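Structure first, then comments.
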Amino acid sequence: MRDPDPRIVLGLHRSRYERRILTSALDLGIDAIDTSFYYHAFTAHTALASIGGDLLPRFTISTKVGFFPAASQAEHSLDPQRLRAAVEQTNRDLGRAPDVVFLHNPESSLLGPPGAAQDVLGEACTVLEAAAEAGLCGAWGISSWDPRPLPALADGTVPRPGVLMVHAGCSKPWPPGGASVRTRSGA
């Protein structure tokens, strides 16, 4: 086994959920996992716990909330009640609190005028801040494909995340065709 390298994270988007992937990661010194409430058709956390629940304490786990099941596709929402319920469900499914919970691509639901978008983002950030304070996660942050609109909305009234994850290096747009996710802001 190699010494852990904190710069390397096992990302589980579009991967198989197999125990050998987790054990191989540990053998290679990878002790951090990134997943999402949304991954693996909204079963990523239960799949992880099922195939490697005994291994999960050896990993730092980050996950994301903000995408939810809908009738024919995933839907993005920053509704505070849905976000809180997703964080609570994540704890139950993983059998532990994740180390970091990210607000997953909040820019997807910040489509209104700046004042309204700031309010929506502020409420969503407040929910994750409260989740961290309640022990439902070790810390919270924002994960974004396009963080450019976010700084203009952070005027000091919006809670500041402890961690920022910015997507980089993908050669194909996601979602494919740009049509598999619809958005709802705050509803």
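The structure presented is a predicted model; accordingly, all values stated were derived computationally and were not measured.
Taken to the nearest 0.5 Å, the OG atom of S143 stands 8.0 Å off from the CD atom of E107. Interatomic distance, H45 NE2 to S50 OG, rounded to the nearest 0.5 Å: 14.0 Å. For the atom pair I8 CD1 and L28 CG, the distance stands at 8.5 Å (nearest 0.5 Å). Distance check: L110 CG to D119 CG gives 11.0 Å after rounding to the nearest 0.5 Å. If you take NE2 on H40 and OG1 on T46, they are separated by 7.5 Å, rounding to the nearest 0.5 Å. Interatomic distance, T63 OG1 to F37 CZ, rounded to the nearest 0.5 Å: 9.0 Å.
Scanning both residues, P159 and G122, for their nearest heavy atoms gives CD-O, 3.9 Å. Closest approach of T35 and Y17 over heavy atoms only: OG1-OH, 3.5 Å. Counting all heavy atoms, side chain and backbone alike, N91 lies closest to A97 at OD1-CA, 3.1 Å. Nearest heavy atoms, S77 versus F68: O-CE1, 3.5 Å. L78 and L83 get closest at one heavy-atom pair: O-CD1, 3.5 Å. Minimum heavy-atom separation, H76 to S109: ND1-OG, 2.6 Å.
Partners of E18 under the salt bridge (Lys or Arg N to Asp or Glu O under 4.0 Å) rule, at least two apart in sequence or in another chain, are R16, R20. Among residues two or more places apart in sequence or in another chain, the salt bridge (Lys or Arg N to Asp or Glu O under 4.0 Å) test is passed with R92 by none.
Put simply, L12 and V101 are part of the same group of oily side chains (I, L, V, M, F, W, Y) that touch within less than 4.5 Å, one to the next. I33 and V9 fall into different hydrophobic clusters, defined by Ile, Leu, Val, Met, Phe, Trp and Tyr side-chain heavy atoms under 4.5 Å apart, directly or through other members. Under a hydrophobic clustering in which Ile, Leu, Val, Met, Phe, Trp and Tyr are joined whenever their side-chain heavy atoms come within less than 4.5 Å, directly or via other members, F42 and L103 fall into the same cluster. Clustering ILVMFWY residues whenever any of their side-chain heavy atoms sit less than 4.5 angstrom apart, transitively, puts W145 in a cluster other than the one holding F102. Transitive grouping of hydrophobic side chains (ILVMFWY, heavy atoms separated by less than 4.5 Å) brings V87 and L121 into a common cluster.
Counting only distance, with no hydrogens or angles, the side chain of D99 and the backbone of I61 share a donor-acceptor pair below 3.5 Å.
At least one side-chain heavy atom of I142 sits under 4.5 Å from a side-chain heavy atom of P106. Between V65 and R82, every side-chain heavy-atom pair lies at or beyond the 4.5 Å cut-off. Within the 4.5 Å cutoff, the side chain of R58 has no heavy atoms near those of the D31 side chain. Between F59 and L22 the shortest side-chain heavy-atom distance falls below 4.5 Å.
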Residue pair F67, N105: steps toward the side-chain contact (heavy atoms from CB on, under 4.5 Å) verdict: CA-CA 9 Å; F67 286 92; N105 297 343; 4.0 Å; yes
With side-chain contact (heavy atoms from CB on, under 4.5 Å) as the criterion, how do M165 and D34 come out once you've worked through the C-alpha distance, each side chain's angles and the decisive distance to 0.1 Å? CA-CA 11 Å; M165 179 191 304; D34 179 64; 3.5 Å; yes
Given L94 and L56, is the side-chain contact (heavy atoms from CB on, under 4.5 Å) satisfied, shown in steps? CA-CA 8 Å; L94 287 173; L56 294 184; 4.2 Å; yes
For side-chain contact (heavy atoms from CB on, under 4.5 Å), just list the numbers for L55 and R19, CA-CA rounded to whole Å, side-chain angles, deciding distance to a tenth of an Å, and then say yes or no. CA-CA 9 Å; L55 299 175; R19 184 178 180 84; 3.8 Å; yes
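Taking the six-membered ring where the residue is Trp, H104 and Y38 present perpendicular rings, their angle passing 60° and hence far from 30°.
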